[in-house]
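All ligand and atom numbering here is 1-based and tracks the order in the structure.
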Amino acid sequence: MRSYVREAKRRGLGTRRERIGPIIERLAEEHKDAEIALRFRSNLELLVSVMLSAQTTDVNVNRVTERLFEKYTKPEDYLAVPEEELQRDIYATGFFRQKTKAIRGTMQALLERFDGEVPTKLEDLVTLPGVARKTANVVAAELGHAQGIVVDTHVRRLSQRLGLTRQEPPVKIELDLQKIVPRADWARFPHLLIWHGRRVCDARRPLCEECVLASLCPSSRVDVVDQPASG
Ligand code: SF4
């Protein structure tokens with residue numbers, strides 16, 4: 001992959017550490033509404049929503065959970081019905097067999113090891129069946145205990161385009177971001193990149209001419225010289 005870290009140096013845009021502050025400021029100004037798009041009313045609903053969101057859109061998950069959460073309100077409810085019934089109830093989110101298995105396993109684990117409550121520590125969350133690091137990071141951040149930085153497809157693409165990382169594997173990208181993103185911003189930073197990725201920095205057609213980060217971005221297709229790096 002082309003390294004935009006080196007390109008940032010060539011264009012004289014400043015180091016990653018120098019650019020990260022203005023990048024966050026400008027994105028926060030641009031996307032004031034950037035927050036998780038999943039709808040939930042409790043920690044348990046949050047966890048289930050995030051587990052269901054694998055390989056599908058948040059809009060699709062919200063459509064399914066609107067009914068699901070009326071029927072299933074506590075961990076026991078997911079175990080009280082036959083497996084096939086839960087499969088049917090979450091069918092529209094795709095991968096319904098794996099997701100059913102993961103959800104039921106997780107509910108069992110919550111009851112056995114966490115008094116039926118959703119833990120907030122990353123190290124506990126990743127012990128739940130079917131809960132990978134990304135899911136755990138999303139849940140911990142939403143519960144106000146961000147212990148890492150969520151790296152999804154948008155975060156990955158934008159971090160690379162902005163020259164904040166040279167890495168490909170999400171875990172390595174996360175480590176690079178942890179070194180430069182202030183800890184207080186670990187929860188909101190992914191939301192900012194996700195919304196910017198959806199609205200402006202599209203995978204195929206980035207709208208560089210409309211982008212507030214153009215003067216800080218080594219992969220910008222437009223020449224912007226008017227905005228100082230300080231923000
Ligand atoms: S300048 Fe272009 S490539 Fe860079 S973040 Fe903005 S839209 Fe994406």
Side-chain angles (χ1 to χ4, degrees), residues 1-38 50 53-61 133-135 137-138 141-142 146 148-231:
M1 194 201 74
R2 185 172 169 192
S3 169
Y4 288 112
V5 176
R6 188 175 299 163
E7 181 66 13
K9 200 180 267 180
R10 197 187 70 75
R11 293 192 190 188
L13 298 179
T15 65
R16 291 180 257 196
R17 278 178 206 286
E18 286 166 344
R19 289 182 295 124
I20 193 69
I23 285 173
I24 294 172
E25 273 171 36
R26 289 185 196 180
L27 289 179
E29 185 60 30
E30 183 80 353
H31 306 290
K32 292 199 174 82
D33 55 345
E35 56 179 25
I36 192 164
L38 295 168
V50 180
S53 70
Q55 313 288 334
T56 188
T57 63
D58 292 347
V59 173
N60 197 25
V61 172
R133 186 175 174 90
K134 186 179 141 216
T135 301
N137 261 334
V138 174
E142 288 310 310
I149 297 175
V150 175
V151 177
D152 77 344
T153 178
H154 295 290
V155 175
R156 178 167 178 246
R157 182 177 75 256
L158 268 76
S159 299
Q160 291 172 338
R161 283 182 177 172
L162 286 164
L164 303 178
T165 183
R166 289 188 178 92
Q167 300 293 342
E168 281 289 329
V171 173
K172 291 192 175 174
I173 292 175
E174 185 183 342
L175 288 177
D176 273 355
L177 293 177
Q178 284 181 4
K179 285 183 208 143
I180 53 171
V181 175
R183 206 174 166 119
D185 288 316
W186 282 12
R188 74 167 173 165
F189 184 68
H191 290 312
L192 294 173
L193 290 194
I194 290 166
W195 284 92
H196 199 62
R198 286 182 181 148
R199 291 169 172 164
V200 183
C201 191
D202 180 76
R204 289 204 199 118
R205 259 188 272 159
L207 303 172
C208 299
E209 49 298 326
E210 295 172 22
C211 180
V212 292
L213 301 181
S215 65
L216 297 165
C217 178
S219 46
S220 168
R221 296 173 184 184
V222 292
D223 273 337
V224 182
V225 289
D226 54 344
Q227 298 173 62
S230 59

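Put simply, the residue from L193, L216, I20 that forms a side-chain contact (heavy atoms from CB on, under 4.5 Å) with L162 is L193.
Below the 2.8 Å limit, atom 8 (Fe) of ligand 1 has as protein N, O or S neighbours C201 SG.
Looking at residues two or more places apart in sequence or on another chain, you find no ring-ring contact (aromatic ring centres under 6.0 Å, His included) involving H191. Scanning for side-chain contact (heavy atoms from CB on, under 4.5 Å) contacts around T57 gives V59, N60, with sequence neighbours left out.
Pairs engaging residues 186-201 under the salt bridge (charged side-chain N to carboxylate O under 4.0 Å, His left out) rule: D33-R199, D58-R198, D185-R188 [sequence neighbours left out].
Of the charged side-chain nitrogens involved, at least one lies within less than 4.0 Å of a carboxylate oxygen, so that R156 and E168 count as a salt-bridged pair. Contact check on R11 versus E7 returns a salt bridge, with a Lys/Arg side-chain nitrogen under 4.0 Å from an Asp/Glu carboxylate oxygen.
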